[in-house]
Undergrad: 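Below is the structure I would like to discuss, written out as structure tokens.
These numbers come from the heavy atoms of this one structure, side chains and all, not from hydrogens, waters or symmetry mates. In this chain, numbering begins with 1 at the start of the sequence shown.
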Amino acid sequence: MRLSATLCGGQGWGNKLFAEFENHVKAAGAEEVGLTTNSYQAPEFYLKLGYKLTGEKPAPHPRVPDNIHYSYCKKL
């Protein structure tokens, strides 16, 4: 799923979406959440939500040759 920063940026929708998701998976028994993203997809957003960076590697993309692929993890 992707939320457009143009349409939703700064309104808290991303925070609300992740809070709901984390509550749901925690209630289902999950103790940790992992995710991946790219440098052109606002990776700093996940740090603000408490996710810890667990890995990064170059991942060139035709439109973003200097792209970096990031992995994150958060204990619930």
Side-chain angles (χ1 to χ4, degrees):
M1 179 192 315
R2 180 184 285 188
L3 292 175
S4 170
T6 305
L7 297 174
C8 304
Q11 297 180 35
W13 288 104
N15 292 343
K16 292 173 189 172
L17 178 67
F18 266 84
E20 187 65 29
F21 165 73
E22 290 170 0
N23 288 337
H24 179 75
V25 298
K26 187 174 182 178
E31 297 178 358
E32 183 175 273
V33 173
L35 62 89
T36 62
T37 192
N38 293 286
S39 56
Y40 59 89
Q41 296 173 316
E44 58 282 343
F45 169 75
Y46 304 102
L47 295 173
K48 292 177 185 177
L49 295 178
Y51 285 79
K52 304 295 181 202
L53 182 64
T54 59
E56 63 182 87
K57 65 180 179 179
H61 183 279
R63 294 187 185 148
V64 188
D66 58 346
N67 180 53
I68 299 173
H69 187 83
Y70 296 102
S71 299
Y72 293 92
C73 188
K74 180 178 182 179
K75 300 230 183 271
L76 300 175

Undergrad: Less than 4.5 Å apart, any side-chain heavy atom of Y70 and any of Y51?
TA: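 Answer no - side chains too far apart.
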
Undergrad: How long is the straight-line distance from CD of E22 back to CG of L17, given to the nearest 0.5 Å?
TA: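 Between L17 CG and E22 CD, I get 9.5 Å after rounding to 0.5 Å.
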
Undergrad: Output yes when a side-chain donor or acceptor of K74 lies under 3.5 Å from a complementary backbone atom of L49, and no otherwise.
TA: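 Yes, K74 side chain to L49 backbone: donor-acceptor pair under 3.5 Å.
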
Undergrad: V33 and L53: same hydrophobic cluster, using ILVMFWY side-chain contacts below 4.5 Å?
TA: yes

Undergrad: Are more than 12 heavy atoms from other residues, nucleotides or ligands located less than 6.0 Å from atom CD of E31?
TA: no

Undergrad: In terms of heavy-atom contacts, does NZ of K57 have more than 12 from other residues, nucleotides or ligands at under 6.0 Å?
TA: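 Open: at most 12 neighbouring heavy atoms sit under 6.0 Å from NZ of K57.
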
Undergrad: Are L47 and F21 co-members of a hydrophobic cluster defined by side-chain heavy atoms under 4.5 Å apart?
TA: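 Yes, one cluster joins them.
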
Undergrad: Atom OG1 of T37 and atom OH of Y46: how far apart are they, to the nearest 0.5 Å?
TA: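 One finds 4.5 Å between OG1 of T37 and OH of Y46.
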
Undergrad: Could you check if a side-chain atom of L76 sits within less than 4.5 angstrom of a side-chain atom of V25, using non-hydrogen atoms only?
TA: yes

Undergrad: Would the distance check show the side chain of S71 and the main-chain N or O of T54 forming a donor-acceptor pair, the cut-off being under 3.5 Å?
TA: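 Absent.
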
Undergrad: Same cluster or not: Y40 versus F45, using hydrophobic residues (I, L, V, M, F, W, Y) connected whenever any side-chain heavy atoms lie under 4.5 Å apart?
TA: no

Undergrad: How many angstroms lie between atom NZ of K26 and atom NZ of K75, to the nearest 0.5 angstrom?
TA: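 K26 NZ to K75 NZ: 12.5 Å, rounded to 0.5 Å.
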
Undergrad: Would you confirm whether Y72, through its side chain, and P43, through its main-chain N or O, come within 3.5 Å as a donor-acceptor pair?
TA: yes

